Amino acid sequence: MEYRQTLNLPSTEFAMRANLVEKEPRILEKWREMGIYNYVQKHRTGCPTFVLHDGPPYANGDIHIGTAMNKILKDTVIRYKVLRGYRSPYVPGWDTHGLPIEHKVTTTLGTKARSMSQMEIRKACEDFARQQIEVQKRQFQRLGVVGDWENYYATLKPEYEYKIYEVFEKLVNDGYVYRAKKPVLWCHNCRTALAQAEIEYHDHTSPSIYVKFKMKDSDEYIVIWTTTPWTLPGNTGIAVHPDHHYVRVRVKDEVWILAEKLLANTMDELKIDEYKVLEDFDGKLLENKIAIHPLYERESRIIVADFVDMETGSGCVHIAPGHGEEDYEYGHLMYGLEVISPVNEEGIFTEEAGKYAGIHIDKANRLIIDDLIAKGAFLKEGKISHSYPHCWRCKKPVIFRATEQWFISVEKSDLRNRVLRQIDMVTWIPSWGKNRISAMIQERPDWCISRQRVWGTPIPAFRCNDCQEAILDPLIINHFAKVVKEKGTNAWFELSERELLPTGYTCKKCGSKNLSKMYDTLDVWIDSGASFEAVLTTRPDLTFPADMYLEGSDQHRGWFNSSIVLSVVKHDKAPYKTVLTHGFIKDEEGKKMSKSLGNVVDPLEVCSKYGADVLRLWLASSDYFNDIRISQNIILQQVEVYKKVRNTFRYLLGNLNDFSEDNIVPFEKLLPLDKWALGRLQQIIKSVTEAYENYEFSRVYNILVKYCSVELSAIYLDIVKDRLYVESKDSLKRRSAQTVLYYILKSLLVMLSPILAFTCEEAYEHFKSQKMKYESVQVEHWPEYHEEWIDQKIMGDFDELMRIRDHALKSLEEIRQAGTIGHSLDAKLIIKSKTEEILNLLKEYEQYLDEFFIVSQVEFSKGEEELETRVQRADGEKCDRCWKYHPLTGTEPQFPKTCPRCAEVLRKQEG
RNA sequence: GGGCUCAUAGCUCAGUUGGUGAGAGCGCACGCCUGAUAAGCGUGAGGUCGGAGGUUCGACUCCUCCUGAGCCCA
């Protein structure tokens, strides 16, 4: 096959086999060496900004698929914005304080932790957190995420902590912070108050007991129901529903009061067959009646509340304002019932509980029931399985316990409504996010911000040893913040009260100088929620507000929520202009991932097995606004797609091997098919750009994957192959095609680079045609959309030609099946039509038809039907060089077995 | 239990304000090519649009309920 040497076959160093597992680390090394982040920033100096503010992941453990998704999405957005000409700085951050790390560190230390000082434990936590940051940093980088990894932010850095205090000082100064005794979710195992975010709900079996309380002014009894007998020492009231009916019932020689709706059910439970309803009345008539606590002989007032459940129990609910949220709100806030909570931090009854003092609440139920039986007040005990709050760390059931805590009031200065107004001005993607977070803000209670933990940002509060006043003063906060800037928050533990207080500071209430520091720390949501202040307003390369926050939809309650509340307090403004949320990752069946189900996909494993680009491609293929799915199968599918795209790059590169921008053919001189292809590229650019602008990456993926495999691989590249290989290197026919290939490749590389970060970089390195080149595709510019390159006449003509092509392909397949031909070049295509338009069209493109249909000859003539195609063997002999058949093949003695076209090309080559 | 969200071929996604027989890519099956070759091309088979009602002349598209799944709460 000597003629093979005379062809212009594609050639490139860009390997067909990706071998991403080895190649990606090499590209990472290149980026590291060139300082890619600063390189990109430098190339966008003075450009308009787009600031995406990173929500800090918790610095604990290896990254999982969810955190990987989040970071890749951010990276994709930023890469896109940079290509669009924005200066888009990205400062990654970490959330480092809080219980999970403290828990992990103390359990790792084991018994040793007990002999360690708070300072020593804090130091161990800090070391652990910093080490985790390094681990996660490397893992995020492995995914191809570009950012200012050297100058990351972290909530444990002194300069960050300093800014937390600036926000906190403002909160205190403006009067948002108050101290109150309030039942808070409490884990007596971890000995701490818990935020709602630290609670998990699991099924739990509780006792279900009925108890009768004697009425003070009569011999009647009110039947109450509870699932927490141990809270009865805290009982100060009984709630009934105002709008439901209640009844007086005679049972033996007693009269009981309970809800009419639950009468039958209760009697059934109590196994009482004989009873008689004496009277039926509205629940609200019971309001403010007094019952007598069976254990303490004290008064228990009846209140009305619409939360009273009419499905279970007796319709008369035991109220302990010290042991429940609703009990507190209705009982204490509305009726002024006393908050009794005789339980210490370990869950042991205090002296206030009388005879139960010293007993753990977990063991109290039995005792209390026995006492109730002894008093004759006990009616029945059962079991009930229900969803019950558990501690997120130790997984044990939690309780409500009234303690002194610091709170942020959401009503002060109309804060709630101010936040709501800001929410309204933010763009939420998807749009239902606005509704979701609005509802949450609408309903959120005051924010309990104190934690009884060591590893956190200390609340710089003092206790007056003389009058017991808890002191939180902006002056002290400010004074301490300055210390923190220098020494970090450890100073709170290291320095004495004298050093921590402004000179001469005295208790405002009693004037005492005898003050002791308190050791509560701040809720970590204050830490991360203050990032707008610690990062956005602090770093000169960033802006406040940020253009975008991008996190999972769980952050409507979390970070978006805490951030906007604090930002409205500090700046009267939302910290973000747009909030983009994504869903969660599930397995192939749509089930949540869990170790026990064994359906967990590890992003690092995907990287080490297939490459980060495959993971990124998978993400791009998914509609991440909702929950998305991943599995081995789904990943393998992306491997196939990846190969297709990679091969398209490779083929384009190979055919542009001898092409430079000097060879570009102006639009007017392009061949019609090439004009069509260039027009299609414009349409692709337009639709891809629109998709990116809406952050619809799955649309980008679909458009471009289809473009590569259908329009390029199956159609355009297949057709143009003949010209590229066979025609003279410098011929217009060849350069015309290469011109279009050049635009296609350049556009594709840029448009896919936010997704296939590594592969596009690699291909860009092999892309030699371009004169002005950067060191990285990342600073390239988005392809220009040339509307004038869409020739409507040509586009329309080719639509019609494509229709004829579909028809012809079926005819070709038929005779291929019959064994008449193999390759389509063996064929002659005969087209018949009764339609003038079609015949005119074919006439107009006559000289391009054999190329277009990839056959050796095309004949067309008037026929009977609208469109009819037939195929037969081509006339003449097969040319040894271009494999096309031609009647005159072999007539050139100088070049045996060639067709006239090839002979002509060869003559030129020799000359 | 409440709020929000999702449910279209094996997989990933399209389906404009309800309107002729439900689409694409991948995968799969069968075949072709051997000058993109651990590639390339062609043809084809796959869906009662989660289920049940309802509104309408007509619904994958609107309403109700149910089932399953997820996030956030209780």
Side-chain angles (χ1 to χ4, degrees), chain A residues 1 3-5 7-12 14 16-17 196-197 199 201 307 309 311-312 325-326 386-389 430 432-440 442-444 552-558 561 581-592 617-618 620-623 625-631 633-644 646-655 696 698-699 701-710 713-715 717-719 721-722 724-726 806 808-814 816-817 819 821-826 854 881-883:
Chain A
M1 286 289 170
Y3 288 126
R4 193 174 199 275
Q5 313 307 321
L7 295 169
N8 312 301
L9 293 178
S11 156
T12 174
F14 185 77
M16 172 180 280
R17 295 260 287 147
Q196 289 176 343
I199 295 295
Y201 283 80
F307 71 83
D309 181 26
E311 302 295 319
T312 41
E325 187 88 52
E326 286 167 328
H386 57 164
S387 176
Y388 191 84
W432 50 259
K434 178 187 283 189
N435 184 16
R436 189 172 154 100
I437 192 170
S438 294
M440 287 170 176
Q442 196 76 259
E443 287 162 22
R444 81 163 292 163
S553 59
D554 55 337
Q555 299 304 329
H556 283 121
R557 178 160 292 271
N561 198 309
T581 54
H582 58 252
F584 290 77
I585 301 177
K586 308 198 266 177
D587 72 4
E588 201 161 22
E589 263 95 54
K591 294 266 167 60
K592 191 176 180 162
L617 192 62
W618 156 76
S621 79
S622 312
D623 175 22
F625 297 111
N626 289 309
D627 291 349
I628 62 177
R629 299 173 182 208
I630 194 169
S631 69
N633 286 338
I634 292 171
I635 286 290
L636 285 176
Q637 184 192 321
Q638 297 313 320
V639 171
E640 294 306 311
V641 172
Y642 173 84
K643 284 183 187 169
K644 186 77 194 186
R646 184 176 179 90
N647 253 305
T648 306
F649 284 169
R650 180 175 136 89
Y651 192 66
L652 290 167
L653 283 167
N655 284 104
E696 293 174 313
S698 70
R699 207 175 265 272
Y701 168 96
N702 275 294
I703 294 168
L704 290 180
V705 167
K706 187 183 169 192
Y707 181 63
C708 284
S709 57
V710 179
S713 191
I715 301 179
L717 297 181
D718 206 30
I719 292 174
K721 195 178 286 183
D722 176 83
L724 290 167
Y725 294 0
V726 176
D806 286 341
L809 285 174
K810 287 186 175 63
S811 302
L812 280 162
E813 183 62 20
E814 269 173 41
R816 186 179 288 129
Q817 293 297 331
I821 62 160
H823 196 286
S824 64
L825 282 176
D826 300 342
I854 320 184
R881 185 165 178 274
C882 72
W883 296 348

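We name chains A, B, ... by the order of the sequence lines, and we start the count at 1 in each one. Keep in mind that the numbers below use all heavy atoms, side chains included, and drop hydrogens, waters and symmetry copies. All of these numbers come straight from a predicted model, not from anything done at the bench.
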* Is a donor-acceptor pair below 3.5 Å formed from side chain A:Ser713 to base B:A36, judging by atom type as modelled? -> yes

Interatomic distance, [X] [atom1] vs [N] [atom2] [rounded to whole Å]:
| X | N | atom1 | atom2 | result |
| --- | --- | --- | --- | --- |
| A:Lys592 | B:G68 | NZ | P | 17 Å |
| A:Met440 | B:U5 | CE | P | 12 Å |
| A:Ile628 | B:U5 | CD1 | C1' | 15 Å |
| A:Ile634 | B:C11 | CD1 | P | 8 Å |
| A:Glu589 | B:G70 | CD | C1' | 15 Å |
| A:Arg650 | B:G40 | CZ | P | 11 Å |
| A:Asn647 | B:U37 | CG | P | 8 Å |
| A:Asp722 | B:A36 | CG | P | 12 Å |

* Asked: RNA chain B: A:Glu640 or A:Arg629, which has the more 5' nearest nucleotide?
  -> A:Arg629

* Starting from the 5' end of RNA chain B, give me the residue, A:Ser698 or A:Ile821, whose nearest nucleotide shows up first. => A:Ser698

Using a heavy-atom cut-off of under 4.0 Å over every strand shown, decide if [X] touches base, sugar-phosphate, or nothing.
| X | answer |
| --- | --- |
| A:His556 | nothing |
| A:Leu7 | base |
| A:Arg881 | base |
| A:Gly654 | nothing |

* Can you tell me which stems RNA chain B forms, taking runs of 3 or more consecutive Watson-Crick or G-U pairs with both distances under 3.5 Å? => B:1-7 with B:67-73, B:10-13 with B:23-26, B:28-32 with B:40-44, B:50-54 with B:62-66

Please determine if a side-chain N or O atom of [X] lies less than 4.0 Å away from the OP1 or OP2 oxygen of [N].
| X | N | result |
| --- | --- | --- |
| A:Lys644 | B:G40 | yes |
| A:Arg699 | B:G25 | no |
| A:Arg436 | B:G70 | no |
| A:Lys721 | B:A36 | yes |
| A:Lys591 | B:G68 | no |

Compare the minimum distances between each of [options] and the side chain of [X], then state the nucleotide with the smallest one.
| X | options | answer |
| --- | --- | --- |
| A:Glu588 | B:G42, B:C13, B:C11 | B:C11 |
| A:Gln637 | B:G70, B:C41, B:C11 | B:C11 |
| A:Arg4 | B:A38, B:C41, B:G35 | B:G35 |
| A:Met16 | B:C13, B:G25, B:U37 | B:U37 |
| A:Ser621 | B:U12, B:C33, B:C72 | B:U12 |
| A:Arg557 | B:C73, B:C4, B:A36 | B:C73 |
| A:Ser622 | B:C13, B:U43, B:U5 | B:C13 |
| A:Trp883 | B:C11, B:U37, B:G35 | B:G35 |
| A:Asp627 | B:G42, B:G70, B:G35 | B:G70 |
| A:Tyr725 | B:G35, B:G70, B:G42 | B:G35 |

Distance check, [atom1] atoms only: [N] and [M], in whole angstrom units.
| N | M | atom1 | answer |
| --- | --- | --- | --- |
| B:A24 | B:G35 | C1' | 31 Å |
| B:A14 | B:A7 | P | 9 Å |
| B:C26 | B:C73 | C1' | 40 Å |
| B:U20 | B:U67 | P | 33 Å |
| B:C65 | B:G23 | C1' | 30 Å |
| B:A22 | B:A29 | P | 27 Å |
| B:U55 | B:A45 | P | 38 Å |
| B:A69 | B:G42 | P | 42 Å |

[X] side, atom [atom1]; [Y] side, atom [atom2] - distance, nearest 0.5 Å:
| X | Y | atom1 | atom2 | value |
| --- | --- | --- | --- | --- |
| A:Leu704 | A:Arg699 | CG | CZ | 12.5 Å |
| A:Met440 | A:Asn561 | CE | CG | 7.5 Å |
| A:Asn626 | A:His582 | CG | NE2 | 12.0 Å |
| A:Ile821 | A:Glu814 | CD1 | CD | 11.0 Å |
| A:Thr12 | A:Asn655 | OG1 | CG | 10.0 Å |
| A:Lys644 | A:Cys708 | NZ | SG | 9.0 Å |

* Answer yes or no as to whether B:G70 has its base stacked against A:Phe584, where stacking requires a ring-centre separation under 5.5 angstrom and planes under 30 degrees apart. => no

* To do: With A:Arg881 as the cation and A:Tyr725 as the aromatic partner, state whether NZ or CZ is under 6.0 Å from the six-membered ring centre and within 45° of the axis.
  => no

* Asked: So, A:Asp826 side chain and A:His823 main chain: donor-acceptor pair closer than 3.5 Å or not?
  -> yes

* Asked: Ignoring hydrogens and geometry, is there a side-chain-to-backbone donor-acceptor pair from A:Arg629 to A:Ile585 under 3.5 Å?
  -> no

* Asked: Is there side-chain contact between A:Ser713 and A:Tyr651, with at least one heavy-atom pair below 4.5 Å?
  -> no

* **Minimum heavy-atom distance A:Ser698-A:Ser621, with the two atoms named** => CB-O, 3.8 Å

* Assign B:G21 to syn or anti; the rule is syn for a glycosidic angle within 90° of 0 and anti otherwise. => anti

